[in-house]
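Below: one structure, written as structure tokens.
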Amino acid sequence: RRGSIGLTSGTNLTVEAGINGIQATNGSVSLQAGQDLLLGTLSNFGDVRGSGLTLSADRDIIVVNSTFVQADGVAGVGATAGRDITIQGDSLINAKAGAAPLSLTTGNGGVLTINNANGTSGSASNGGPITVTADDVVLTSGTISSSGNVFVRPVSAGRGIDLGTN
């Protein structure tokens, strides 16, 4: 579709539409869920693509089953969850354009989990900054990578950042 796309659900919002399932050519995509935002399911992936992406959920954002979530423009990707963000099953959240930003924000006490079998998917940015704001980050297998800066910040005031093995 040309132009922007906005979808809002008072409960769960599930995208299970295959390759470029939701695609805004020359426009942005905004997905908002009153509970969980589910991009992909156990049986199918749920690709989302636009010049800029805004993803929000009152509870969790879950990206599974080789789902490809990509912003092609300089607006980048902003993903905000009230609880947790999980990227797994060889899925990817990517800001492709030059210095486009990628922001992943969980809720208070929330966890960003990246668990991908091939160890290379997860979140990426093509030279733009990546900002992770979460009280806990679990990298089981996968990456947070950029040729630009990567910032890791806690959500809860006064909480330290531990880059150890606990």
Distance alone, cut at 3.5 Å: any donor-acceptor contact between the side chains of S9 and Q32? no

How far apart are the closest heavy atoms of I85 and A79, and which atoms are they? CD1-O, 3.9 Å

Main chain of F68, side chain of D47: is a donor-acceptor contact present, judged purely on distance under 3.5 Å? yes

Over all heavy atoms of both residues, which pair between V137 and I144 is shortest? Give the atoms and the distance, please. CG1-CD1, 4.4 Å

Between the CG atom in L38 and the CG atom in N12, the distance rounded to the nearest 0.5 Å is 5.5 Å

For residues I130 and S146, report the shortest heavy-atom separation together with the two atoms involved. CD1-CB, 3.8 Å

Are the side chain of S4 and the backbone N or O of S28 linked by a donor-acceptor pair below 3.5 Å? yes

Shared hydrophobic cluster, V48 / V64 (ILVMFWY, side-chain heavy atoms < 4.5 Å): no

Out of D36, T11, D84, which residue meets the side chain to side chain donor-acceptor pair (under 3.5 Å) rule with R59? D36

Testing the 3.5 Å rule here: is there a donor-acceptor pair between the side chains of D135 and S156? yes

Answer whether the closest heavy-atom distance between the side chains of R153 and R159 falls below 4.5 Å. no

Between Q70 and N94, is there a side-chain donor-acceptor contact under 3.5 Å, judged purely by atom types and distance? yes

Distance (rounded to the nearest 0.5 Å) between L92 CG and T67 OG1: 10.5 Å

Out of L39, L53, L104, which residue meets the side chain to side chain contact (heavy atoms under 4.5 Å, CB included) rule with I93? L104

Donor + acceptor pair across side chains of T131, S103 (<3.5 Å): no

